[in-house]
Amino acid sequence: MRVATWNVNSLRVRLPQVLAWLAAEAPDVLALQETKVPDEAFPALEFREAGYHVVFAGEKTYNGVAIVSRLPPAEVADALPGAPDGQRRYLAATCGPLRVIDVYVPNGQAVGSDKFAYKLAWMEALAAQVRAELARHPLLVVLGDFNVAPEDRDVHDPELWRERVLASTPEREAFRALLEAGLCDVLRRITGEAGIHTWWDYRMNAYRRGMGLRIDHVLASPALCGRVRACRVDRAPREGERPSDHAPVVAEFDLAGS
DNA sequence: ATGGTTGTACGACAA
């Protein structure tokens, strides 16, 4: 079973790329973030014609998440219990054997800002929800844009990013709480390599200069972590025309016999 | 260089 996550930074702009990527990669599940489209304007028909079911939780201008799935999603939940407000950043669904939680963690803007406090509160609510979902679903994946580079090896220039938003100690502790709740970082089951990135700022030719961070993640429950076959960042869409600033992350699990 | 670019929606604001 192959699952993927991609912050598309406007589904309206990126829909042709997403459909082309689905056709080329054929994942079983694709979690999208920053769709930036209200539910009444979501392009559901285009996904159905591509052979996928889709559920979504969007709003005007900001945020927005969606789960695209070969198998029909069930037990859909579009709000994070205990979240500070109703921003559309969370979507859970059961897709065949997998419980899937798609997250768009708040960016946090700057360490110490109001938005930074909101981010930490949101992540604390997420950790509580992960504990609850883990108790009910042995095959759980939590994936999306976490807006946290967990360690220095996930940052192109650790000194430049030292204690800055996306790489600060409080954010890394909030991320580690998700792992301590029982999830593993699926990419780190495959490689300890430094310099694997999923996001590059649009400014300053950051992509061309290799100035990226690994902030998009696939986290998984213990039963899945023992069944990781592959995990990679697909940089091809980031190199194409009018790209999102994020690249997709794809993970494959061997579910035979489970 | 307190810079730069993109998306939303047409002026800031978020990222």
Side-chain angles (χ1 to χ4, degrees), chain A residues 5-21 31-43 46 56-66 80 83-91 102-123 126 143-150 154-157 159-168 170-172 174-175 197-217 233-249:
Chain A
T5 178
W6 193 4
N7 179 323
V8 291
N9 186 19
S10 171
L11 185 57
R12 278 196 248 244
V13 170
R14 233 65 70 186
L15 182 61
Q17 296 181 33
V18 172
L19 294 174
W21 192 84
L32 301 173
Q33 305 86 38
E34 281 205 274
T35 56
K36 298 186 177 181
V37 62
D39 290 347
E40 61 271 21
F42 192 93
E46 286 84 346
F56 38 89
E59 63 184 289
K60 186 168 141 49
T61 309
Y62 301 119
N63 309 317
V65 285
L80 171 61
D85 62 23
Q87 292 185 21
R88 305 282 257 171
R89 300 177 172 278
Y90 176 95
L91 187 60
D102 178 12
V103 297
Y104 174 46
V105 174
N107 172 280
Q109 193 170 60
V111 174
S113 66
D114 288 349
K115 290 194 174 94
F116 189 79
Y118 177 87
K119 179 180 195 172
L120 295 181
W122 201 94
M123 292 185 77
L126 179 61
L143 75 174
D145 177 0
F146 289 77
N147 269 314
V148 178
D154 302 310
V155 178
H156 69 95
D157 183 343
E159 289 315 313
L160 182 68
W161 284 86
R162 186 75 60 211
E163 297 305 335
R164 300 187 67 157
V165 74
L166 311 183
S168 75
E171 293 165 276
R172 286 177 170 180
F175 184 85
H197 304 145
T198 65
W199 168 82
W200 303 260
D201 199 301
Y202 281 125
R203 296 167 288 188
M204 295 173 64
N205 280 316
Y207 181 75
R208 190 177 53 74
R209 296 161 68 190
M211 298 166 61
L213 272 60
R214 190 175 73 96
I215 59 175
D216 300 86
H217 307 293
V233 179
D234 183 3
R235 283 163 40 172
R238 188 66 177 83
E239 293 175 2
E241 285 286 304
R242 208 177 181 190
S244 167
D245 45 353
H246 295 252
V249 182

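Not measured: the values here are computed from a predicted model. Throughout, a chain's letter reflects where its sequence line sits, starting with A, and its residues are numbered from 1.
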*Could you tell me whether the side chains of A:Asn63 and A:Arg89 share a donor-acceptor contact shorter than 3.5 Å?*
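There is such a pair (donor and acceptor under 3.5 Å, judged by atom type) between the side chains of A:Asn63 and A:Arg89.
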*When you check the side-chain N and O atoms of A:Trp199 and A:Asp145, is any donor under 3.5 Å from an acceptor?*
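Result is no, nothing qualifies.
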*asked:* The side chain of A:Arg89 is closest to which nucleotide in this list: B:dA15, B:dG7, B:dG4?
replied: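 Closest of the options to the side chain of A:Arg89: B:dA15.
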*Shortest non-hydrogen contact from A:Lys119 toward A:Asn107*: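 So the two residues come closest at NZ-O, 3.0 Å.
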*Tell me which of A:Gln109 and A:Ser10 sits closer to the 5' end of DNA chain B, going by the nucleotide each one is nearest to.*
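Mapping each residue to its closest nucleotide by heavy atoms, the 5'-most match is A:Ser10.
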*Does A:Arg203 or A:Asp245 map to a spot on DNA chain B nearer the 5' end, using the closest nucleotide for each?*
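Here A:Arg203 is the residue nearer the 5' end.
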Would you indicate, yes or no, if [N] has its OP1 or OP2 atom less than 4.0 angstrom from a side-chain nitrogen or oxygen of [X]?
| X | N | result |
| --- | --- | --- |
| A:Lys115 | B:dA14 | yes |
| A:Thr61 | B:dG7 | no |
| A:Lys36 | B:dA15 | no |

Using the [atom1] atoms only, state how far [M] lies from [N], rounded to an integer number of Å.
| N | M | atom1 | result |
| --- | --- | --- | --- |
| B:dA1 | B:dA12 | C1' | 23 Å |
| B:dA14 | B:dA9 | C1' | 13 Å |
| B:dG11 | B:dT6 | C1' | 16 Å |
| B:dC13 | B:dG3 | P | 14 Å |

*With under 30° as parallel and over 60° as perpendicular, where do the rings of A:His217 and A:Phe146 fit, or are they tilted in between?*
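Correct class here is tilted.
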Whole-Å distance between [N] [atom2] and [X] [atom1]?
| X | N | atom1 | atom2 | result |
| --- | --- | --- | --- | --- |
| A:Leu15 | B:dG7 | CG | P | 14 Å |
| A:Asp114 | B:dC13 | CG | P | 15 Å |
| A:Tyr118 | B:dC13 | OH | P | 19 Å |
| A:Glu241 | B:dT6 | CD | P | 12 Å |
| A:Asn7 | B:dG7 | CG | C1' | 12 Å |
| A:Arg14 | B:dA15 | CZ | C1' | 13 Å |

*Could you walk me through whether A:Lys36 and A:Arg12 pass the side-chain contact (heavy atoms from CB on, under 4.5 Å) check?*
CA-CA 8 Å; A:Lys36 298 186 177 181; A:Arg12 278 196 248 244; over 6 Å; no
